[in-house]
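Working notes, structure below.
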Amino acid sequence: MAEAKKIGELLKEAGLIDDFQIQSALSHQRNWGGKMGAILIEMEFIREEDLARVIAEKLHIPYINLFEPEIPEAVLKTVKADVAKKYHVVPVKKEAGALILAMMDPLDIEAIDGIRFATGLNIKPSLALDSEIRDAIKKYYDHEEVVRKQTKTLFHQKTLSPGKMEIIRGSDLIAEKGGEPEAASQHLSKDDSELQTLMDARVRLDALVSVLIEKKMITREELTSMIYQKKMGL
């Protein structure tokens, strides 16, 4: 749980989430499992690119491109498919007895130790978006065709000095073009507003369900049964 609290603290310091959201996500994790970062994204408390930006800035961990250039087959073979899927990681490069490993959560000590044990190599965590890792696993391990749009990731590199990289958000790019990020939100269509309302309601419902289970007012089995009966019209 220390890893979860550390992620939460980083995001809170950055002003992206508050105590209630942290506790809701921790409650969800205790009841349903999963990684803290992924849970915060799933509950729509943060965007995945914001999570990655904070980790990159606070921990000085480099962001890495998983698709250009393509990862060599010899490197991929250092981590078996089932292990990569278990820990949600992708090996990127071997150098001097170490393995550069793309991770959504470079603070995941369990994953780092697991890959170190499986490969016998020292691990150097690097950063990639959750969606990028999923696509990379499909491409390299499942040999599925993956079509990625260049605009899908909101990270761009600017050359500063050797070995350094600046992380820029999509909102920063809008500002560079003379637009205001806030202006876009002022012109939401009716459909967009209704969708946002539904998303907010779902987040509140997720948090409420997690608290109810945490307080032992309902079990996961009872909840699953109720959902099934509702779907079946029973």
Side-chain angles (χ1 to χ4, degrees), residues 1-59 61 63 85-89 103-112 114 125 127-134 152-155 167 169-171 181-182 184-185 188 191-231:
M1 200 61 67
E3 166 267 329
K5 290 182 179 178
K6 194 165 186 178
I7 285 286
E9 289 168 1
L10 287 176
L11 294 169
K12 182 181 176 183
E13 289 174 4
L16 292 176
I17 60 174
D18 55 32
D19 287 327
F20 172 75
Q21 291 170 321
I22 292 174
Q23 293 306 315
S24 296
L26 286 171
S27 179
H28 186 286
Q29 185 184 56
R30 284 191 290 268
N31 290 308
W32 304 102
K35 301 295 184 182
M36 185 63 167
I39 291 170
L40 289 167
I41 293 168
E42 180 186 348
M43 298 182 78
E44 297 172 354
F45 289 153
I46 59 171
R47 301 181 306 169
E48 64 173 344
E49 58 267 24
D50 287 331
L51 172 62
R53 175 178 59 83
V54 169
I55 292 174
E57 291 176 351
K58 298 289 186 181
L59 304 181
I61 294 177
Y63 167 78
K85 292 176 182 179
K86 175 183 178 180
Y87 293 113
H88 196 56
V89 299
M103 310 175 67
M104 181 196 77
D105 179 10
L107 297 175
D108 189 346
I109 302 301
E110 179 184 352
I112 292 173
L127 189 62
L129 299 185
D130 177 62
S131 61
E132 292 173 332
I133 293 176
R134 291 183 188 280
K152 186 171 184 179
T153 175
L154 298 185
F155 287 100
I167 302 297
R169 288 187 298 171
S171 56
E182 294 81 1
S185 63
L188 291 176
D191 289 342
D192 290 334
S193 298
E194 291 176 350
L195 177 60
Q196 184 62 53
T197 299
L198 289 173
M199 290 167 61
D200 292 343
R202 201 203 77 175
V203 169
R204 290 193 294 270
L205 179 60
D206 285 345
L208 176 59
V209 168
S210 293
V211 171
L212 290 175
I213 295 175
E214 183 80 10
K215 300 295 184 182
K216 301 185 184 301
M217 298 178 69
I218 189 172
T219 67
R220 282 179 288 182
E221 290 74 17
E222 290 172 338
L223 178 61
T224 301
S225 177
M226 290 170 59
I227 294 173
Y228 175 78
Q229 292 181 23
K230 182 70 174 177
K231 286 184 176 180

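For the numbers below, each heavy atom of this structure counts, side chains included, while hydrogens, waters and symmetry mates do not.
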Practice prompt. Quick one: list whatever passes salt bridge (charged side-chain N to carboxylate O under 4.0 Å, His left out) with Lys85, sequence neighbours left out.
Written response: Asp142
Validation row: [X], [Y] side chains within 4.5 angstrom (heavy atoms):
{"X": "Ile55", "Y": "Leu107", "answer": "no"}
{"X": "Leu59", "Y": "Leu10", "answer": "yes"}
{"X": "Arg47", "Y": "Arg53", "answer": "no"}
{"X": "Trp32", "Y": "Glu42", "answer": "no"}
{"X": "Arg134", "Y": "His88", "answer": "yes"}

Show the nearest heavy-atom pair for residues [X] and [Y], with the distance to one decimal.
{"X": "Pro106", "Y": "Ile112", "result": "O-CD1, 3.6 Å"}
{"X": "Lys35", "Y": "Gln29", "result": "C-NE2, 4.1 Å"}
{"X": "Gly8", "Y": "Ile17", "result": "O-CD1, 3.8 Å"}
{"X": "Met43", "Y": "Ala25", "result": "SD-CA, 3.9 Å"}
{"X": "Glu49", "Y": "Leu129", "result": "CA-CD2, 3.9 Å"}
{"X": "Gln21", "Y": "Leu40", "result": "O-CD2, 4.3 Å"}

Worksheet item: Excluding sequence neighbours, so at least two apart, what forms side-chain contact (heavy atoms from CB on, under 4.5 Å) with Ala111?
Response: Tyr87, Met103, Asp108
Worksheet, complete the sentence: Rounded to the nearest 0.5 angstrom, the CD1-CD1 distance for Ile39 and Ile7 is 11.5 Å
Worksheet item: Taking atom CG of Leu127 and atom CG of Asp105, what is their separation to the nearest 0.5 Å?
Response: 9.0 Å
Practice prompt. Go through the structure and list residues passing side-chain hydrogen bond (donor to acceptor under 3.5 Å, both in side chains) with Lys12, not counting sequence neighbours.
Written response: Asp19
Practice prompt. Return yes if some donor-acceptor pair links the side-chain N/O of Ser27 with the main-chain N/O of Gln23 below 3.5 Å, else return no.
Written response: no
